[in-house]
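Both backbone and side-chain heavy atoms feed into the values below; hydrogens, waters and symmetry mates do not. The sequence lines fix the lettering, A, B, ..., with proteins before strands; numbering per chain opens at 1. In this text, all values refer to a predicted model and were calculated from it rather than measured experimentally.
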Amino acid sequence: MSIIDSIQNGVIKGIKSLYGADITADQITMNSTRKEFEGDYTVVAFPFARIAKKKPDQIAEELGAYLVGEVEPIEQYNVIKGFLNLSLSHSFWREFLAGIYQDASYGRQPANGQKVMVEFSSPNTNKPLHLGHIRNILLGWSASRILEAAGYEVVRVQIINDRGIAICKSMLAWQKFGKGATPASAGEKGDHFVGDYYVLFEKKLREEYQGWQQSEEARKLFETKADTGQAEPDFFKAFKNTYFNEYSSLGAEAKQMLLQWEAGDPATKGLWKQMNDWVYQGFDETYKQLGVEFDQLYFESETYLLGKDAVQKGLEKGLFYQKEDGSVWIDLTDANLDQKLVLRSDGTSVYMTQDIGTAQKRYQDFGVDKMVYVVANEQNYHFQALFEILKRLGEPYAHGLYHLSYGMVDLPTGKMKSREGTVVDADDLIAEVVEEARKNTADRDTISGLSEKEQEEVIRQIAIAALKFFIIKVQPQKRMVFDPKESVDLQGQTGPYVQNAYVRVQSVLRKAGDPPLDAAADYQQLEPQEKEMLNMVYAFPALVKLAAEEYDPSGIANFCYDLAKAYHRFYHDLSILNAKTAEAKAFRLQLSQAVAIVLKQGLGLLGIEMPERM
RNA sequence: GGCUCCGUAGCUUAAUUGGAUAGAGCACCUGACUACGGAUCAGGAGGUUGCAGGUUCGAAUCCUGCCGGAGUCACCA
């Protein structure tokens with residue numbers, strides 16, 4: 001039983017014995033004592049005023065006296081304006097520390113027998129990954145690590161959007177203009193290579209469209225179809241989609257290619273497979289840089305027809321209804337949602353159909369209890385509807401569905417727009433932070449003893465830490481501003497700052513050798529800096545649990561920063577190896593080890609590695 | 001327009017889920033050990049928590065109404 005539970009039980013008993021009232025644990029407001037006051041935990045007495053019919057100060061006083069006698073580790077208390085601050089005995093903290101300072105898995109919960117699937121990244125195959133994907137990937141990866149630490153078995157998946165008109169555009173452009181080039185011959189990463197042909201297609205289409213606008217046909221259309229007063233450029237801007245679908249020869253060719261793909265034409269399929277393979281090789285490099293991997297990939301080309309059976313069954317059960325034109329719908333208005341289409345009038349699937357089918361397939365494949373979808377908040381509505389439908393279909397995992405929704409990433413200059421070329425490329429960004437870390441490392445003489453390969457690895461760890469921490473420290477649902485200049489910062493509230501605290505510990509431990517630390521048990525007078533860290537270390541496992549319940553890694557990031565900060569201060573204020581007594585030295589070495597373990601665990605949950613030197 | 005999310009120092013952001021004097025970082029200014037690694041530490045300045053009401057012993061947090069921003073309301077994905 002944790003000390004928090006003990007105190008709560010003590011309060012319940014205390015209220016009963018002092019005032020004869022029954023209360024429950026959730027009526028107790030309790031938190032860590034703020035730094036400026038004496039104590040470890042604080043119980044707020046105000047809520048009991050009504051029950052006890054006394055002033056909060058008096059209640060706090062009486063309850064404090066009761067708890068000191070009742071709950072063993074509580075040694076003393078003080079009351080300030082209705083707040084009861086409780087101090088635990090030094091021996092409690094010494095024993096706690098001795099128990100965990102060598103436990104490298106401290107903070108991890110035992111397996112809970114439940115399985116959760118986390119879907120993240122899920123890119124299209126016609127373009128390289130960008131900053132938006134990075135936020136998605138980092139959130140997905142850290143959420144999965146946190147769930148693991150909370151005791152779940154985790155299955156990491158992505159669904160790859162490998163079909164459709166977009167990839168056909170790249171294929172067509174390559175076929176027409178590529179002259180047989182390959183990523184190898186062009187000396188380019190495969191995803192960038194294929195993305196360039198997508199851009200080329202759009203460029204050629206634009207040229208074609210502009211030429212067409214001068215034609216007789218176009219002029220006539222403008223005269224007959226334009227709204228009165230509509231300027232010519234506005235008209236043609238709005239007309240672009242129709243042009244692509246009905247007039248463009250490039251558009252017709254791309255659509256023809258999509259039809260051939262759907263018909264299973266071997267040549268088209270071959271080209272499609274070739275180009276997608278190039279893309280995957282490119283993606284894999286980026287994933288490797290970011291240190292993420294997946295247990296299972298789902299390809300849309302294999303799942304896009306799923307879900308029709310489910311719709312058919314739902315129709316028979318009366319969950320769905322059919323309109324006269326044959327389209328199938330579900331009425332979600334009583335769930336505060338709309339009527340949603342689940343099958344087109346021509347019998348083909350929509351996004352929703354596919355997602356229903358894919359969820360069912362995943363359950364068949366893995367038998368998971370929960371599914372987490374990491375997808376940007378522009379799809380909030382879609383997932384509400386999807387989850388509601390799966391619930392009504394009676395899917396066994398329906399209670400465990402969660403949409404980990406996150407806000408868009410903006411630049412200091414505003415939104416990222418592919419048309420304006422302001423999209424931040426993932427690989428460029430990674431290269432930039434690595435370069436910055438390299439420069440900073442060169443200014444110091446801290447790792448020159450390592451081999452070149454080891455140095456390179458340390459530089460990469462620092463760079464990736466800066467990037468990841470910068471993104472993960474912001475709560476997911478918030479839209480965030482990403483300033484590339486700040487993201488490469490290695491000082492202040494950053495990943496490298498936290499790494500540095502860990503590296504300091506390692507440095508001290510190397511100097512200390514491996515002395516026996518039994519003397520720590522006789523260390524009497526804990527300093528405030530020490531108690532502050534002990535409180536944090538103690539709170540870590542509960543924080544991991546909370547992060548898992550809320551699918552939110554940002555709290556872990558902020559915690560790691562606070563703990564690192566506390567350690568840096570401690571390190572500055574108090575001497576470890578030259579401590580005045582052997583007891584103090586032993587205790588501080590234990591404490592340093594415990595802090596290092598928590599920092600390594602904590603950053604590990606964010607997907608950030610710890611260097612031993614930096 | 002309906003629904004959803006967001007609004008905290010110049011900028012980027014916390015706040016233990018309703019608790020004490022709203023806490024950090026960046027940028028700016030001033031300092032620190034011939035000592036365990038200065039990617040560090042200490043100090044200064046910077047706030048009407050978008051605005052106005054309400055609930056409460058207590059509100060950045062909950063409720064109502066405005067203001068501002070974003071997203072979404074497709075037989076697209």
Side-chain angles (χ1 to χ4, degrees), chain A residues 29-37 42 44 46-47 49-50 55-56 80-83 85 124 161 164-166 300 304 323 325-329 336-338 341-346 348-352 354-355 376-382 384 405 407-408 410 412 415 437 440-441 443-446 462 466 470 473-475 477-483 485-487 489-494 496-501 503-512 539 542-543 546 550 554-555 558-559 561-562 565 567-579 585 588 592 613-614:
Chain A
T29 323
M30 198 176 118
N31 34 44
S32 295
T33 303
R34 297 181 60 126
K35 254 198 320 209
E36 58 266 40
F37 302 105
T42 296
V44 185
F46 284 95
R50 210 164 277 145
K55 286 194 161 42
I80 299 168
K81 290 199 304 185
F83 292 87
N85 301 318
N124 293 340
N161 203 338
I165 194 71
E300 213 186 57
Y304 80 110
K323 286 192 181 173
D325 62 5
S327 59
V328 181
W329 296 73
N336 218 6
L337 300 161
D338 285 316
L341 178 85
V342 290
L343 210 58
R344 289 196 189 101
S345 52
D346 63 4
T348 55
S349 316
V350 289
Y351 190 32
M352 190 64 81
Q354 207 185 122
D355 274 359
N377 63 11
E378 60 194 349
Q379 292 191 33
N380 284 355
Y381 184 79
H382 172 75
Q384 279 180 37
S405 165
M408 296 286 159
D410 286 331
K415 280 187 74 164
N440 270 273
T441 305
D443 291 343
R444 305 164 211 278
D445 188 32
T446 45
I462 294 169
F470 187 81
K473 71 178 181 184
V474 181
Q475 292 164 350
Q477 76 273 15
K478 289 203 180 181
R479 199 181 182 93
M480 71 173 287
V481 177
F482 183 90
D483 187 340
K485 276 205 262 355
E486 280 182 39
S487 72
D489 246 332
L490 309 177
Q491 282 158 24
Q493 193 183 20
T494 65
Y497 175 96
V498 181
Q499 289 176 320
N500 187 231
V503 166
R504 279 190 139 166
V505 174
Q506 302 317 310
S507 174
V508 169
L509 294 179
R510 275 194 298 271
K511 283 226 165 64
L543 184 73
L546 183 71
E550 301 192 335
S554 67
N558 285 301
F559 168 87
Y561 170 72
D562 288 338
K565 188 176 167 66
Y567 190 80
H568 280 307
R569 187 186 302 125
F570 157 79
Y571 180 91
H572 178 269
D573 293 349
L574 304 168
S575 190
I576 301 165
L577 297 178
N578 299 318
K585 179 176 167 180
R588 287 172 190 168
S592 295
R613 299 166 197 263
M614 65 190 284

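The side-chain contact (heavy atoms from CB on, under 4.5 Å) search around A:Asp346 returns A:Arg344, A:Thr348, not counting sequence neighbours. Considering only residues two or more places apart in sequence or on other chains, A:Asn31 meets the side-chain contact (heavy atoms from CB on, under 4.5 Å) condition with A:Thr42. Under the side-chain contact (heavy atoms from CB on, under 4.5 Å) criterion, A:Glu300 pairs with A:Asn161, A:Asp162, A:Arg163, A:Thr303, A:Tyr304, A:Gln354, sequence neighbours left out. Not counting sequence neighbours, the partners of A:Asp325 by the side-chain contact (heavy atoms from CB on, under 4.5 Å) test are A:Lys323, A:Ser327, A:Ser345. Legend: residues meeting salt bridge (Lys or Arg N to Asp or Glu O under 4.0 Å) with A:Arg569, ordered by chain and number and at least two apart, are A:Glu532. Evaluation of the salt bridge (Lys or Arg N to Asp or Glu O under 4.0 Å) rule for A:Arg613 yields no partner, not counting sequence neighbours. In terms of the side chain to side chain donor-acceptor pair (under 3.5 Å) criterion, A:Ser487 has no residue partners (sequence neighbours excluded). Residues passing the salt bridge (Lys or Arg N to Asp or Glu O under 4.0 Å) test with A:Arg34, sequence neighbours excluded: A:Glu36.
Applying the 90° criterion around 0 to the glycosidic angle, B:rU17 comes out syn.
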Give me the distances for all protein-to-nucleotides 54-58 of chain B N/O pairs that come in under 3.5 Å?
unit_1 : atom_1 : unit_2  : atom_2 : d
B:rC57 : OP1    : A:Arg50 : NH2    : 3.0

Between the protein and nucleotides 21-23 of chain B, list every N/O to N/O distance that falls short of 3.5 Å.
unit_1 : atom_1 : unit_2  : atom_2 : d
B:rU21 : OP1    : A:Lys81 : NZ     : 3.2

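The side chain of A:Arg444 sits closest to B:rA39 out of B:rA39, B:rU8, B:rC41.
The shortest distance between the side-chain N/O atoms of A:Lys565 and the OP1/OP2 oxygens of B:rG25 is below 4.0 Å. Phosphate contact (OP1/OP2 of B:rA24, side-chain N/O of A:Lys473, threshold under 4.0 Å): absent. When the side-chain nitrogen and oxygen atoms of A:Lys511 are compared with OP1 and OP2 of B:rG37, one or more of them lie within a distance under 4.0 Å. Taking side-chain N and O atoms only, A:Tyr571 has a distance below 4.0 Å to OP1 or OP2 of B:rG37. Between A:Gln475 and B:rA15 there is a side-chain N or O to OP1 or OP2 distance below 4.0 Å. Applying the 4.0 Å criterion to OP1 and OP2 of B:rU40, one finds that A:Arg569 has every side-chain N and O outside that range.
A:Asn31 contributes no side-chain N or O that forms a donor-acceptor pair with the base of B:rA15 under 3.5 Å. Side-chain atoms of A:Thr42 and base atoms of B:rA20 include a donor and an acceptor less than 3.5 Å apart.
Atom C1' of B:rG54 sits at a distance of 27 Å from the matching atom of B:rU16, rounded to the whole Å. The gap from the C1' atom of B:rA9 to that of B:rA52 amounts to 23 Å, rounded to the nearest Å.
Residue A:Asn85 is classed as a base contact, given a heavy-atom separation below 4.0 Å to a base. At a threshold of 4.0 angstrom between heavy atoms, the contacts of A:Leu337 with the nucleic acid are absent. Within the 4.0 angstrom heavy-atom criterion, no nucleotide atom of any strand lies near A:Thr348. Looking at heavy-atom distances under 4.0 Å, A:Gln506 makes no contact with the nucleic acid at all. A:Leu509 comes within contact range of no nucleotide atom at all, as no heavy-atom separation falls under 4.0 Å.
The aromatic rings of A:Tyr497 and A:Tyr561 sit tilted relative to each other, their planes meeting at an angle between 30° and 60°.
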Original post:
How does protein reach along nucleotides 71-77 of chain B, written 5' to 3' as B (base within reach of a heavy atom under 4.0 Å), S (only sugar-phosphate), or - (no contact)?
Top reply: SSS-BSB
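Side chains of A:Phe83 and A:Val44 form a contact here, defined as non-hydrogen atoms less than 4.5 Å apart. Annotation: side chain of A:Met352 is not in contact with side chain of A:Leu341 (no heavy-atom distance under 4.5 Å). Side-chain contact check for A:Ser592 versus A:Tyr571: every heavy-atom pair is 4.5 Å or farther apart.
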**OP:** Give RNA chain B the dot-bracket treatment, 5' to 3': Watson-Crick (N1-N3 with N6-O4 or O6-N4) or G-U (N1-O2, O6-N3) under 3.5 Å, [ ] crossing, | other strand.
**Re:** (((((((..((((.....[...)))).(((((.......))))).....(((((..]....))))))))))))....
